[in-house]
Amino acid sequence: MKAGAKQGVIIPVYNHGRAAGAVVKNLCVLGLPIIMVDDGSDGETKFLLENIYAEFHLTVPVRLEKNSGKGRAFFAGIEKARELGLTHVLQIDADGQHDANRAAFFLSESAAHPDAVICSYPEYDESAPASRKHGRKVANTWAKIVTLSPDMSEAMLGFRVYPVEPVYRLYQHSRIDSRMGFDIDILVRLCWKNIPLIFHPVRVVYPADGISHFRVVRDNMRISWVYTKLCCGMLLRLPVLLCRLVKRRCKRRGTKT
Ligand SMILES: Nc1nc2c(ncn2[C@@H]2O[C@H](COP(=O)(O)OP(=O)(O)OP(=O)(O)O)[C@@H](O)[C@H]2O)c(=O)[nH]1
Ligand SMILES: [Mg+2]
């Protein structure tokens, strides 16, 4: 890791108290601070989280009294990360769907490429619902369009390592979606800022007893609204994005513009 780099983890938690314990346990081997943002969860999760905080001393609790959405919860985690002096954070869901064993590799990639966001794309098993797989394809096609970046292979999966400062600055200047459109919105905007994105696979499972808060109609409408705004943003940035695309193509062909 580069001198001065300090890594940690952010877990936004909304009513995933039962699954969160195993996630934290798996991450403890990293020996890093684990910021857990309780996004106004119910009494049961609140109680289970108290037990987790007592058992795992690397956890750093943050509580939002009112449920505010994953994006808002993540930003509360970023504010705490800055307070702790962290420079890079791994974002991982609390529901145990992401393979936490990949965390060490993603963090080592971040240490090797500290300016980049280390992003993931999912490797599903048969437990993944077809509707979610299909929805993801559509969303990712739009992500390529609004960034004009063929490299933008996956915009929805919230298993990533972010450099803290660029993300914090982005929140100061942009209105990033506070709910289910958050993972897309933040990545597209970081890509617009020319922050490098590096993608690696991560296994994603959908356990039969898993709790998902994703509501197909409501959240797909939300995501469509986020993309509508991002399309407008893309049109405003079109000259810059086109220049970048041409430069990248030329570089790949080994010619100079
Ligand atoms: N949905 C939702 N999740 C939140 C919220 N606040 C924090 N989270 C956390 O964000 C993560 C993703 O939530 P999920 O409900 O699993 O949504 P998802 O992973 O996009 O949807 P699935 O693919 O169906 O599991 C989990 O760690 C939640 O606990 C919130 O207000 N709504
Ligand atoms: Mg989930």
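Fair warning: this is a prediction, and the values are worked out from it, not measured in the lab. Counting starts at 1 for both ligands and their atoms, in listed order. Atom set for the values below is all heavy atoms of this structure, side chains included, hydrogens, waters and symmetry mates excluded. Numbering starts at 1 and runs along the sequence shown.
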*Asks:* How far does CZ of Arg72 sit from NZ of Lys66, to the nearest 0.5 angstrom?
*Replies:* 10.5 Å
*Asks:* One thing to verify: whether Arg203 and Asp125 come together as a salt bridge, which I'm taking to mean a side-chain N less than 4.0 angstrom from a carboxylate O.
*Replies:* no
*Asks:* Please give the remaining members of the hydrophobic cluster of Val217, linking ILVMFWY side chains under 4.5 Å, ordered by chain and number.
*Replies:* Met221
*Asks:* Could you pull out every protein residue that has a heavy atom closer than 4.0 Å to ligand 1, ordered by chain and then number?
*Replies:* Pro12, Val13, Tyr14, His16, Asp39, Asn67, Gly69, Lys70, Asp93, Ala94, Asp95, Gln97, Arg132, Arg179, Met180, Tyr206, Ser212, His213, Phe214
*Asks:* Taking salt bridge (Lys or Arg N to Asp or Glu O under 4.0 Å) as the cut-off, I'd like each qualifying pair that reaches into residues 148-157, sequence neighbours left out, listed once.
*Replies:* Arg136-Glu154, Asp151-Arg248, Asp151-Arg252
*Asks:* Quick one: name the protein N/O/S atoms under 2.8 Å from the Mg ion (ligand 2), chain by chain.
*Replies:* Asp95 OD2, Gln97 OE1
*Asks:* May I ask you to say whether Arg82 pairs ionically with Glu79, meaning some side-chain N is under 4.0 Å from a carboxylate O?
*Replies:* no
*Asks:* Roughly how far apart are Arg102 CZ and Leu90 CG, rounded to 0.5 Å?
*Replies:* 11.5 Å
*Asks:* Side chains of Gln91 and Asp183: any donor to acceptor distance under 3.5 Å?
*Replies:* yes
*Asks:* Please work out which of the three classes, parallel, tilted or perpendicular, describes the rings of Phe106 and Phe159, given edges at 30° and 60°.
*Replies:* perpendicular
*Asks:* Assess whether a salt bridge exists between Asp185 and Arg189, defined as any Lys/Arg side-chain N lying under 4.0 Å from an Asp/Glu carboxylate O.
*Replies:* yes
